[in-house]
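Every heavy atom of this structure was used, including side-chain atoms; hydrogens, water molecules and symmetry mates were not.
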Amino acid sequence: MNEIIQAVQRARKKHPHFADNRFHAVSLASEELGEFSKAVNEDNRSQAEEEALDTIAVLVRFLESDL
């Protein structure tokens with residue numbers, strides 16, 4: 001959970017504006033999920049973990065938003 005909290009905090013700092021609308025939010029989540037999938041397919045556990053956290057951070061930010 002601490003890693004998720006840290007990932008969300010990094011995402012907020014790097015991208016203060018989350019998304020313009022819910023479709024943009026889905027696009028952001030899809031992009032991160034694609035990067036996670038690529039890392040898994042390349043058998044890169046370390047990168048996959050980073051991308052999983054990035055994906056979760058996007059989804060948490062969506063849940064926090066009023067989109």
Side-chain angles (χ1 to χ4, degrees):
M1 290 305 294
N2 287 334
E3 289 178 294
I4 292 171
I5 292 167
Q6 291 172 357
V8 172
Q9 290 172 340
R10 279 193 306 273
R12 285 186 192 128
K13 186 175 182 179
K14 186 174 181 181
H15 304 287
H17 174 71
F18 170 57
D20 297 325
N21 53 55
R22 62 186 176 192
F23 303 105
H24 185 202
V26 169
S27 175
L28 295 171
S30 295
E31 180 181 347
E32 293 299 340
L33 186 58
E35 292 173 3
F36 169 68
S37 179
K38 182 177 184 244
V40 169
N41 288 333
E42 292 173 353
D43 201 28
N44 186 337
R45 175 69 189 207
S46 174
Q47 186 66 33
E49 288 178 8
E50 289 181 35
E51 299 301 343
L53 287 168
D54 289 346
T55 303
I56 293 167
V58 170
L59 296 172
V60 167
R61 293 187 77 191
F62 172 77
L63 291 171
E64 292 176 335
S65 76
D66 54 355
L67 297 176

Problem set entry | Between CD1 on residue I56 and CD1 on residue I5, distance to nearest 0.5 Å | 12.0 Å
Exercise. Atom NE2 of H15 and atom CG of L28: how far apart are they, to the nearest 0.5 Å?
Worked result: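 Going from NE2 on H15 over to CG on L28, the span is 8.5 Å.
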For this session: Under the side-chain hydrogen bond (donor to acceptor under 3.5 Å, both in side chains) rule, collect the residues that match up with D20, sequence neighbours excluded.
Result: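 For D20, the residues satisfying side-chain hydrogen bond (donor to acceptor under 3.5 Å, both in side chains) (neighbours in sequence not counted) are H17.
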For this session: Kindly state each residue pair satisfying side chain to side chain donor-acceptor pair (under 3.5 Å) with at least one member in residues 25-35, sequence neighbours excluded.
Result: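 Qualifying pairs, neighbours excluded: none.
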Problem set entry | Qualifying side chain to side chain donor-acceptor pair (under 3.5 Å) pairs with a residue from residues 52-67, counting only residues at least two apart or across chains | R12-E64
Exercise. What about L53 and V60, same hydrophobic cluster or not, with Ile/Leu/Val/Met/Phe/Trp/Tyr joined at side-chain heavy-atom distances under 4.5 Å?
Worked result: yes
Would you be so kind as to tabulate the donor-acceptor pairs closer than 3.5 Å made by side chains of residues 43-50, with sequence neighbours excluded?
unit_1: N44; atom_1: OD1; unit_2: Q47; atom_2: N; d: 3.0
unit_1: R45; atom_1: NE; unit_2: E49; atom_2: OE2; d: 2.7
unit_1: R45; atom_1: NH2; unit_2: E49; atom_2: OE2; d: 3.4
unit_1: Q47; atom_1: NE2; unit_2: E51; atom_2: OE2; d: 2.6

Exercise. Taking all non-hydrogen atoms of both residues, which atom of V58 and which atom of F18 are closest, and how far apart?
Worked result: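 The pair with the smallest heavy-atom distance is O-CZ, 3.6 Å.
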Seminar exercise, completed: Closest heavy-atom pair, V8 versus A57, reported as atoms and distance to 0.1 Å, is CG2-CA, 3.8 Å
For this session: Run through the side-chain heavy atoms of Ile, Leu, Val, Met, Phe, Trp and Tyr, join any pair under 4.5 Å, and report what else lands in V26's cluster.
Result: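 Same cluster as V26: nobody, lone residue.
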Problem set entry | Partners meeting side chain to side chain contact (heavy atoms under 4.5 Å, CB included) with N21 (sequence neighbours left out) |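 Scan of N21 (side chain to side chain contact (heavy atoms under 4.5 Å, CB included), adjacent residues dropped) gives F23, H24.
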